[in-house]
Amino acid sequence: PGLTASWSNNTITISGTPSGSGTFNYTIPLTGGCGNINATGTIVVNPSPTVSANAPSFTICAGPDALNASAPSITLTSPQVGTTYTWSLYAGAVPAGVPVQTGTGTPNYSFTNTTCSDQTYVYQVTPSLNGCPGPPLNLTITVRPKPTSTFIISPNPVCALQTATVTYTGTSCPVSTYNWTWPAGVTVVSGTGAGPYVISFGAGATSTSYAIKLQVVGPASLGGCTSTQTTVNVVANPPTTPAFNTVGPYCSGAVIAPLPTTSTNGISGTWSPAINNSATTLYTFTPNAGQCATTATLTITINPNRDRKST
(Lines give C-alpha, C1' and ligand atoms only; values in the text may rest on other atoms or scores of the structure.)
Protein backbone atom coordinates (compact mmCIF):
# COMPACT_ATOMS: atom_id res chain seq x y z
CA PRO A 1 0.00 0.00 0.00
CA GLY A 2 1.20 3.45 -0.90
CA LEU A 3 3.55 2.19 -3.60
CA THR A 4 3.39 2.35 -7.38
CA ALA A 5 5.43 0.57 -10.02
CA SER A 6 6.43 1.32 -13.58
CA TRP A 7 8.40 -0.52 -16.27
CA SER A 8 10.49 1.20 -18.90
CA ASN A 9 13.54 0.26 -20.86
CA ASN A 10 13.60 -3.15 -19.21
CA THR A 11 13.75 -1.50 -15.77
CA ILE A 12 11.12 -1.85 -13.05
CA THR A 13 10.84 1.21 -10.80
CA ILE A 14 8.92 0.99 -7.47
CA SER A 15 8.28 4.34 -5.79
CA GLY A 16 6.20 5.94 -3.08
CA THR A 17 5.98 5.83 0.71
CA PRO A 18 4.62 2.68 2.34
CA SER A 19 1.55 3.36 4.44
CA GLY A 20 2.14 0.37 6.65
CA SER A 21 4.71 -2.21 7.61
CA GLY A 22 4.75 -5.87 6.71
CA THR A 23 5.59 -8.24 3.86
CA PHE A 24 3.91 -7.49 0.54
CA ASN A 25 3.84 -9.45 -2.72
CA TYR A 26 3.69 -7.54 -5.95
CA THR A 27 2.76 -8.38 -9.53
CA ILE A 28 3.74 -6.03 -12.36
CA PRO A 29 2.47 -6.72 -15.89
CA LEU A 30 5.15 -6.28 -18.52
CA THR A 31 4.34 -5.80 -22.15
CA GLY A 32 6.63 -6.02 -25.14
CA GLY A 33 7.38 -7.75 -28.41
CA CYS A 34 7.44 -11.12 -26.70
CA GLY A 35 3.91 -10.86 -25.34
CA ASN A 36 2.54 -10.04 -21.93
CA ILE A 37 4.19 -11.44 -18.82
CA ASN A 38 4.07 -10.60 -15.10
CA ALA A 39 7.00 -9.70 -12.90
CA THR A 40 6.47 -10.82 -9.31
CA GLY A 41 8.34 -10.34 -6.07
CA THR A 42 8.16 -9.53 -2.37
CA ILE A 43 8.74 -6.22 -0.55
CA VAL A 44 9.44 -6.16 3.20
CA VAL A 45 8.49 -2.84 4.83
CA ASN A 46 10.01 -2.45 8.27
CA PRO A 47 7.97 -0.51 10.83
CA SER A 48 8.92 3.11 11.56
CA PRO A 49 9.75 3.14 15.30
CA THR A 50 8.37 5.67 17.74
CA VAL A 51 9.70 6.88 21.09
CA SER A 52 8.17 8.43 24.18
CA ALA A 53 9.65 9.69 27.47
CA ASN A 54 8.38 9.64 31.01
CA ALA A 55 9.44 13.28 31.44
CA PRO A 56 9.45 15.15 28.13
CA SER A 57 9.98 18.46 29.93
CA PHE A 58 11.19 19.41 33.41
CA THR A 59 13.17 21.97 35.39
CA ILE A 60 16.43 21.39 37.30
CA CYS A 61 19.06 23.39 39.14
CA ALA A 62 22.39 23.72 37.36
CA GLY A 63 25.48 21.80 38.35
CA PRO A 64 27.02 18.34 38.28
CA ASP A 65 24.64 17.24 41.02
CA ALA A 66 21.59 18.24 38.99
CA LEU A 67 20.38 14.65 39.14
CA ASN A 68 18.64 14.86 42.48
CA ALA A 69 15.38 13.86 44.05
CA SER A 70 13.52 16.73 42.38
CA ALA A 71 14.83 15.92 38.90
CA PRO A 72 13.44 12.83 37.15
CA SER A 73 15.54 10.11 35.60
CA ILE A 74 14.71 10.02 31.90
CA THR A 75 13.20 6.75 30.65
CA LEU A 76 12.74 6.21 26.92
CA THR A 77 10.25 3.61 25.69
CA SER A 78 9.11 2.35 22.29
CA PRO A 79 6.37 -0.14 21.36
CA GLN A 80 8.72 -1.59 18.74
CA VAL A 81 11.01 -4.12 20.40
CA GLY A 82 14.68 -3.62 19.61
CA THR A 83 14.45 0.13 18.98
CA THR A 84 17.67 2.06 19.65
CA TYR A 85 18.09 5.78 20.19
CA THR A 86 20.51 8.50 19.15
CA TRP A 87 20.32 11.98 20.59
CA SER A 88 21.84 15.39 20.29
CA LEU A 89 21.49 18.74 21.97
CA TYR A 90 19.36 20.57 19.47
CA ALA A 91 21.67 23.25 18.06
CA GLY A 92 18.88 25.79 17.78
CA ALA A 93 18.26 25.68 21.52
CA VAL A 94 21.76 25.47 22.99
CA PRO A 95 22.84 28.57 24.97
CA ALA A 96 25.89 30.44 23.73
CA GLY A 97 29.17 28.79 24.66
CA VAL A 98 27.70 25.32 25.15
CA PRO A 99 28.99 22.74 22.64
CA VAL A 100 26.46 20.63 20.78
CA GLN A 101 26.54 17.15 22.31
CA THR A 102 25.55 13.84 20.78
CA GLY A 103 25.26 10.30 22.06
CA THR A 104 23.37 7.03 22.03
CA GLY A 105 20.94 5.48 24.47
CA THR A 106 19.32 7.65 27.15
CA PRO A 107 20.59 11.25 27.47
CA ASN A 108 22.45 12.11 30.65
CA TYR A 109 22.02 15.72 31.63
CA SER A 110 24.30 17.93 33.71
CA PHE A 111 24.43 21.62 32.91
CA THR A 112 25.97 24.83 34.16
CA ASN A 113 24.17 28.15 34.14
CA THR A 114 26.31 31.16 35.00
CA THR A 115 23.56 33.66 34.21
CA CYS A 116 20.83 34.97 36.47
CA SER A 117 17.99 33.72 34.30
CA ASP A 118 16.60 30.36 33.24
CA GLN A 119 18.25 28.63 30.28
CA THR A 120 16.54 26.07 28.08
CA TYR A 121 18.16 23.00 26.56
CA VAL A 122 16.45 20.69 24.07
CA TYR A 123 17.51 17.10 23.50
CA GLN A 124 16.36 15.67 20.17
CA VAL A 125 16.01 11.88 20.42
CA THR A 126 15.66 9.85 17.22
CA PRO A 127 14.50 6.20 17.39
CA SER A 128 15.85 3.62 14.92
CA LEU A 129 14.90 0.05 14.13
CA ASN A 130 16.42 -2.16 11.41
CA GLY A 131 17.97 0.89 9.80
CA CYS A 132 14.69 2.81 9.70
CA PRO A 133 14.61 6.09 11.64
CA GLY A 134 11.43 7.25 13.32
CA PRO A 135 10.12 10.72 14.10
CA PRO A 136 12.33 12.54 16.64
CA LEU A 137 11.21 13.37 20.17
CA ASN A 138 12.21 16.64 21.84
CA LEU A 139 13.08 16.66 25.54
CA THR A 140 12.98 20.20 26.96
CA ILE A 141 15.02 20.93 30.09
CA THR A 142 14.91 24.28 31.88
CA VAL A 143 18.13 24.88 33.83
CA ARG A 144 18.04 27.36 36.69
CA PRO A 145 21.15 29.08 38.08
CA LYS A 146 22.62 27.52 41.18
CA PRO A 147 24.80 29.55 43.55
CA THR A 148 28.14 28.40 44.92
CA SER A 149 29.30 28.90 48.49
CA THR A 150 33.09 29.21 48.44
CA PHE A 151 34.84 31.73 50.69
CA ILE A 152 38.27 32.47 52.15
CA ILE A 153 39.51 33.64 55.56
CA SER A 154 42.56 35.87 55.92
CA PRO A 155 44.83 35.71 57.77
CA ASN A 156 44.60 32.04 58.64
CA PRO A 157 46.00 31.07 61.12
CA VAL A 158 45.31 34.28 63.02
CA CYS A 159 46.43 35.59 66.37
CA ALA A 160 43.51 35.45 68.77
CA LEU A 161 44.08 39.11 69.64
CA GLN A 162 43.66 40.16 66.02
CA THR A 163 40.72 40.11 63.61
CA ALA A 164 40.31 38.08 60.42
CA THR A 165 38.35 38.88 57.26
CA VAL A 166 35.91 36.42 55.70
CA THR A 167 35.44 37.05 51.96
CA TYR A 168 32.81 35.37 49.77
CA THR A 169 34.35 34.11 46.50
CA GLY A 170 31.41 32.16 45.07
CA THR A 171 28.82 33.08 42.45
CA SER A 172 25.24 34.10 43.14
CA CYS A 173 22.39 36.21 41.85
CA PRO A 174 20.86 39.31 43.45
CA VAL A 175 18.43 38.70 46.31
CA SER A 176 20.16 35.43 47.27
CA THR A 177 20.21 34.38 50.92
CA TYR A 178 23.53 33.67 52.66
CA ASN A 179 23.25 31.29 55.58
CA TRP A 180 26.45 31.64 57.62
CA THR A 181 27.20 29.47 60.63
CA TRP A 182 29.48 31.10 63.22
CA PRO A 183 30.74 28.70 65.92
CA ALA A 184 30.99 29.51 69.59
CA GLY A 185 34.10 31.55 70.28
CA VAL A 186 33.85 33.55 67.06
CA THR A 187 32.43 37.08 67.24
CA VAL A 188 31.19 38.92 64.16
CA VAL A 189 32.53 42.46 64.38
CA SER A 190 30.94 43.64 61.11
CA GLY A 191 29.36 42.34 57.93
CA THR A 192 25.99 41.30 56.49
CA GLY A 193 24.73 39.18 53.60
CA ALA A 194 27.55 38.07 51.34
CA GLY A 195 30.04 40.09 53.40
CA PRO A 196 32.90 40.62 53.71
CA TYR A 197 32.87 39.95 57.45
CA VAL A 198 35.33 40.95 60.13
CA ILE A 199 35.54 38.41 62.96
CA SER A 200 37.39 38.27 66.28
CA PHE A 201 38.18 35.56 68.80
CA GLY A 202 39.41 37.04 72.08
CA ALA A 203 42.47 36.39 74.20
CA GLY A 204 40.94 33.21 75.60
CA ALA A 205 41.03 31.37 72.27
CA THR A 206 42.95 28.13 72.00
CA SER A 207 44.91 26.69 69.08
CA THR A 208 41.92 24.80 67.70
CA SER A 209 40.02 25.07 64.44
CA TYR A 210 36.83 27.07 64.35
CA ALA A 211 34.57 25.72 61.57
CA ILE A 212 32.80 28.51 59.69
CA LYS A 213 30.13 27.34 57.25
CA LEU A 214 28.15 28.88 54.41
CA GLN A 215 25.22 27.75 52.30
CA VAL A 216 23.65 30.04 49.69
CA VAL A 217 20.03 29.92 48.53
CA GLY A 218 19.17 31.52 45.19
CA PRO A 219 16.26 33.93 44.73
CA ALA A 220 12.77 32.47 44.89
CA SER A 221 12.00 33.91 41.46
CA LEU A 222 14.61 31.53 40.02
CA GLY A 223 13.50 28.46 41.94
CA GLY A 224 15.57 28.96 45.09
CA CYS A 225 18.34 26.58 44.04
CA THR A 226 20.57 25.81 47.03
CA SER A 227 24.34 25.45 46.99
CA THR A 228 26.26 22.77 48.75
CA GLN A 229 27.59 23.82 52.16
CA THR A 230 31.20 25.00 52.29
CA THR A 231 33.22 24.71 55.51
CA VAL A 232 36.46 26.57 56.14
CA ASN A 233 38.43 26.04 59.36
CA VAL A 234 40.26 28.98 60.88
CA VAL A 235 42.91 28.55 63.58
CA ALA A 236 43.12 31.24 66.26
CA ASN A 237 46.43 30.96 68.05
CA PRO A 238 46.42 32.04 71.72
CA PRO A 239 48.71 34.98 72.50
CA THR A 240 52.00 34.48 74.32
CA THR A 241 52.48 36.24 77.65
CA PRO A 242 56.00 37.77 77.81
CA ALA A 243 58.02 36.46 80.74
CA PHE A 244 60.76 38.38 82.61
CA ASN A 245 63.03 37.71 85.54
CA THR A 246 62.39 39.59 88.77
CA VAL A 247 64.21 42.92 89.07
CA GLY A 248 65.08 44.52 92.44
CA PRO A 249 64.40 45.53 95.09
CA TYR A 250 66.65 48.60 95.12
CA CYS A 251 67.48 51.30 97.56
CA SER A 252 66.25 54.72 96.66
CA GLY A 253 68.62 56.47 94.29
CA ALA A 254 70.35 53.28 93.18
CA VAL A 255 71.37 52.88 89.57
CA ILE A 256 68.89 50.58 87.80
CA ALA A 257 69.92 49.00 84.52
CA PRO A 258 67.55 49.35 81.53
CA LEU A 259 64.85 46.70 81.44
CA PRO A 260 65.34 43.98 78.77
CA THR A 261 63.52 44.65 75.48
CA THR A 262 63.19 40.93 74.75
CA SER A 263 61.41 38.58 77.12
CA THR A 264 62.85 35.28 78.22
CA ASN A 265 60.38 33.56 75.85
CA GLY A 266 61.39 35.61 72.82
CA ILE A 267 58.91 38.50 72.68
CA SER A 268 60.38 41.91 71.79
CA GLY A 269 58.86 45.24 72.79
CA THR A 270 59.13 48.38 74.82
CA TRP A 271 58.61 49.45 78.45
CA SER A 272 56.77 52.36 79.98
CA PRO A 273 57.05 54.56 81.98
CA ALA A 274 60.71 55.53 82.23
CA ILE A 275 62.77 53.99 85.04
CA ASN A 276 62.11 55.65 88.39
CA ASN A 277 64.76 54.89 91.05
CA SER A 278 63.07 56.85 93.81
CA ALA A 279 59.70 55.09 94.15
CA THR A 280 58.20 51.65 93.67
CA THR A 281 56.75 51.60 90.13
CA LEU A 282 54.67 49.28 87.98
CA TYR A 283 56.10 49.01 84.44
CA THR A 284 54.17 47.81 81.38
CA PHE A 285 55.79 45.90 78.53
CA THR A 286 54.11 46.35 75.12
CA PRO A 287 55.07 43.80 72.43
CA ASN A 288 56.15 45.11 69.05
CA ALA A 289 53.65 44.81 66.20
CA GLY A 290 53.40 41.54 64.33
CA GLN A 291 53.77 39.30 67.37
CA CYS A 292 50.96 37.30 68.90
CA ALA A 293 51.57 38.37 72.48
CA THR A 294 49.88 40.18 75.33
CA THR A 295 51.24 43.01 77.43
CA ALA A 296 53.08 42.18 80.61
CA THR A 297 53.84 44.06 83.83
CA LEU A 298 56.79 44.18 86.17
CA THR A 299 57.02 45.92 89.53
CA ILE A 300 60.35 47.27 90.75
CA THR A 301 60.36 47.89 94.49
CA ILE A 302 62.35 50.88 95.78
CA ASN A 303 63.14 50.86 99.49
CA PRO A 304 63.75 54.18 101.28
CA ASN A 305 67.24 54.84 102.57
CA ARG A 306 67.67 54.75 106.39
CA ASP A 307 69.16 57.80 108.15
CA ARG A 308 72.47 57.15 109.94
CA LYS A 309 72.75 58.59 113.49
CA SER A 310 76.10 59.43 115.07
CA THR A 311 76.80 58.55 118.74
Side-chain angles (χ1 to χ4, degrees), residues 147-172 174-218 226-249 256-276 279-302:
T148 59
S149 56
T150 55
F151 63 95
I152 59 174
I153 303 174
S154 180
N156 187 12
V158 60
C159 177
L161 296 178
Q162 300 170 340
T163 60
T165 300
V166 181
T167 304
Y168 175 62
T169 58
T171 57
S172 61
V175 201
S176 293
T177 301
Y178 303 86
N179 297 320
W180 295 92
T181 300
W182 308 104
V186 173
T187 300
V188 175
V189 178
S190 64
T192 59
Y197 287 82
V198 175
I199 57 175
S200 64
F201 306 89
T206 60
S207 295
T208 56
S209 292
Y210 294 86
I212 297 175
K213 302 177 181 180
L214 172 63
Q215 190 170 51
V216 183
V217 181
T226 302
S227 73
T228 56
Q229 187 179 70
T230 296
T231 300
V232 176
N233 294 316
V234 57
V235 175
N237 291 322
T240 299
T241 300
F244 296 93
N245 295 324
T246 301
V247 177
I256 302 176
L259 294 176
T261 56
T262 300
S263 67
T264 58
N265 52 353
I267 305 300
S268 61
T270 58
W271 291 94
S272 64
I275 294 292
N276 182 351
T280 298
T281 304
L282 176 68
Y283 299 91
T284 299
F285 178 82
T286 302
N288 293 332
Q291 301 173 103
C292 189
T294 63
T295 59
T297 59
L298 177 67
T299 298
I300 299 179
T301 301
I302 303 298

Rounded to the nearest 0.5 Å, what separates atom [atom1] in [X] from atom [atom2] in [Y]?
X	Y	atom1	atom2	result
F151	T165	CZ	OG1	13.0 Å
N156	S209	CG	OG	8.0 Å
Q215	T228	CD	OG1	7.5 Å
Y283	I300	OH	CD1	4.5 Å
I267	T286	CD1	OG1	12.5 Å
I256	T281	CD1	OG1	8.0 Å

Please name the pair of heavy atoms, one in [X] and one in [Y], separated by the smallest distance, quoted to 0.1 Å.
X	Y	result
V217	P147	C-CG, 4.3 Å
A236	Y210	CB-CE1, 3.9 Å
W271	P260	NE1-O, 2.7 Å
P239	A160	CD-CB, 4.1 Å

Under a 4.5 Å cut-off applied to non-hydrogen side-chain atoms, are [X] and [Y] in contact?
X	Y	result
T163	S200	yes
N233	V235	no
V166	V234	no
I212	I199	yes
F244	T264	no
S149	V216	yes
P287	T295	yes
L214	Y178	yes

Please say which of N245, T246, V247 ends up in a side chain to side chain contact (heavy atoms under 4.5 Å, CB included) with L298. V247

The test is ring pair (Phe, Tyr, Trp, His ring centres under 6.0 Å); show your working for Y197 and W182 and say whether it passes. CA-CA 11 Å; Y197 287 82; W182 308 104; 5.0 Å; yes

Just by distance, do the side chain of Q291 and the backbone of S268 share a donor-acceptor pair under 3.5 Å? yes

Step through it carefully: locate the ring centre of W180, locate the ring centre of Y168, and say whether they are under 6.0 Å apart. no

Please determine whether side-chain hydrogen bond (donor to acceptor under 3.5 Å, both in side chains) holds for the pair T150 and T169, giving the CA-CA distance in whole Å, both sets of side-chain angles, and the decisive distance to 0.1 Å. CA-CA 5 Å; T150 55; T169 58; 3.1 Å; yes

Does T148 have any side chain to side chain donor-acceptor pair (under 3.5 Å) partners at least two apart in sequence or in another chain, and if so, which? T171

